[in-house]
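Note sheet for the following structure.
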Protein chains: 2
Amino acid sequence: MTDTKTSTSGRQSYHHGDLQQSLLQAATEMIAEGGTESLSMRKLADRVGVSRTAPYHHFKDKNELLCAIAEQGFRRQESILNRAREASGTESLQAVFRQYVLTYIESAHQHREQYDLMFGREIWRNGQPTASLQQLSKESFQNWLHWVTELQQAGLLRGEDPLRTAQVTWATLHGLCRLLNDGIYTEASHLQQMCDSAIAMMLN
Amino acid sequence: MTDTKTSTSGRQSYHHGDLQQSLLQAATEMIAEGGTESLSMRKLADRVGVSRTAPYHHFKDKNELLCAIAEQGFRRQESILNRAREASGTESLQAVFRQYVLTYIESAHQHREQYDLMFGREIWRNGQPTASLQQLSKESFQNWLHWVTELQQAGLLRGEDPLRTAQVTWATLHGLCRLLNDGIYTEASHLQQMCDSAIAMMLN
DNA sequence: CAATCAATCTTGACAGTGTCAAAATATCGC
DNA sequence: GCGATATTTTGACACTGTCAAGATTGATTG
């Protein structure tokens, strides 16, 4: 009768047509608005216009849904890092590095709730990270490790053991993100200054 | 009739006698065992041997209870820092600083769940931090800032603006704690190496 | 086209949660 | 001993995640 199926707007047939994708999108929005805690499976189902338990045919768990959303975040991070590494030929390494740090933290701040989800206890402690999420996050760090190794060899970054250096520098970025996101001890307005201070600490 | 009141062991009278303290203690234990999420007001009441809503006469909220527990954590941190600063006269500054970093991270790891509570979203984002908790955490950072300023003046730490330096160095510590606690990208067995790597980055 | 089958969605149900209101009980100041 | 006050309890409500069983549809065959 009416147009339904893959159309993202009109749904009144029994089968939604594209529930999985709609769920992901709506859930991402809800998390962005009010954090993981404001996302309940029931409200989500309501928002998409479907019954409470319908989502369970596309995601085994709430946990699995959250993992899927976290994965998207890791993919965004990956693309940010890749863009930076690609630009490494054109500009000065230090400028590229600084830009990356800024972009990383700004992106984490812009998608703060998703960032919290990516590294928060909700997934990594309470729930269980999906196999694919684990792999993705591992690859993400491997990417960082590779770049840090290069930057070290180029004489830009301090430190000896590349692995330790990668861990510590990343911990610094991560710590800053968390502090900014949670508003502890820091204010968002000081972002640039703190970044520069952090970079100065890491540089050779 | 029977001995009750302030006695911490025997309770069978209507009035518990020392509920507030017992609640705090039991809640701390439960959190240490299974994290914030495994602590429910009802289970807590059960554990202390009291009815579901009794705790609400001593803590307005679950939030307030959590804040009280977080406060204890801040007090422990404060004493760790104070001990370090007191020892600054006897030993070499660098050795004292290294010892502090190690102790901080080890303590955060030992009381990981409480540490997550102290800086996690549960309190600082979902709930609302108590006025006293806010003050305590602010003082905690002020303490750190003071020491960092001293260490900078003594030529031990890098950086220019003491505030930025304090923020960034602390973010590094905090980031390491979180990674260790959540087991992301790091293993607890590398703790010492990572600490030394981090310290090398901060030193002048 | 008709019949079967698998995918998809819904309704009903259960145990668990935080927390409010009203009632019960004990302790303390007089 | 009596009344005020502090403390604890029972009942109730709305909300959560998720399981089991039934209803509805679209796809696949004969």
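In what follows, chains carry the letters A, B, and so on, assigned in the order in which the sequence lines appear, proteins first and then strands, with residues in each chain numbered from 1. As the structure is a computational prediction, the values presented were derived from the model and not from experiment.
What separates CG of B:Asp46 from C1' of C:dG16 is a distance of 13 Å, to the nearest Å. The OH atom of B:Tyr56 sits 21 Å away from the P atom of D:dA6 (whole-angstrom rounding). A:Lys60 has its NZ atom 12 Å from the C1' atom of D:dG17, to the nearest Å. B:Asp61 places its CG atom 9 Å from the C1' atom of C:dT19, with the value rounded to the nearest Å. If you measure from atom CG of B:Asp18 to atom C1' of C:dT27, you get 16 Å, rounded to the nearest angstrom. If you take CG of A:Leu19 and P of C:dT8, they are 9 Å apart, rounded to a whole angstrom. In this structure, the CG atom of B:Leu66 is 14 Å from the C1' atom of C:dT17, given to the nearest Å. One interatomic measurement links the two molecules: CG of A:Leu44 to P of D:dT16, which rounds to 11 Å at whole-angstrom precision.
Between B:Phe119 and B:Phe74, the distance from one ring center to the other falls under 6.0 angstrom. A centroid separation of 6.0 Å or more is found between the aromatic rings of B:His109 and B:Tyr104.
OP1 or OP2 of D:dA6 has not a single side-chain nitrogen or oxygen of B:His58 nearer than 4.0 Å. For A:Ser40 and D:dT16, the shortest distance from a side-chain N or O to OP1 or OP2 is below 4.0 Å.
Across the interface with DNA chain C, nearest-nucleotide mapping of B:Asn63 and B:His57 shows B:Asn63 to be the residue nearer the 5′ end.
The closest side-chain heavy-atom distance from A:Thr172 to B:Thr169 is not below 4.5 Å.
A donor-acceptor contact under 3.5 Å is formed by the side chain of A:Arg42 with the base of D:dG17.
Looking at B:Arg85, B:Gln77, B:Glu78 one by one, the single match for side-chain contact (heavy atoms from CB on, under 4.5 Å) with B:Leu81 turns out to be B:Arg85.
Scanning all heavy atoms of the two residues, the minimum distance from B:Pro162 to B:Thr149 falls at CB-OG1, 3.7 Å.
In this structure, B:Lys43 reaches the sugar-phosphate backbone alone: every heavy-atom distance under 4.0 Å involves primed, P, OP1 or OP2 atoms, never a base. Across all strands shown, B:Thr53 has heavy atoms under 4.0 Å from base atoms, whether or not it also approaches the sugar-phosphate.
You'll find that the side chain of B:Ser51 is closest to D:dT8, out of D:dT8, C:dT11, C:dC9.
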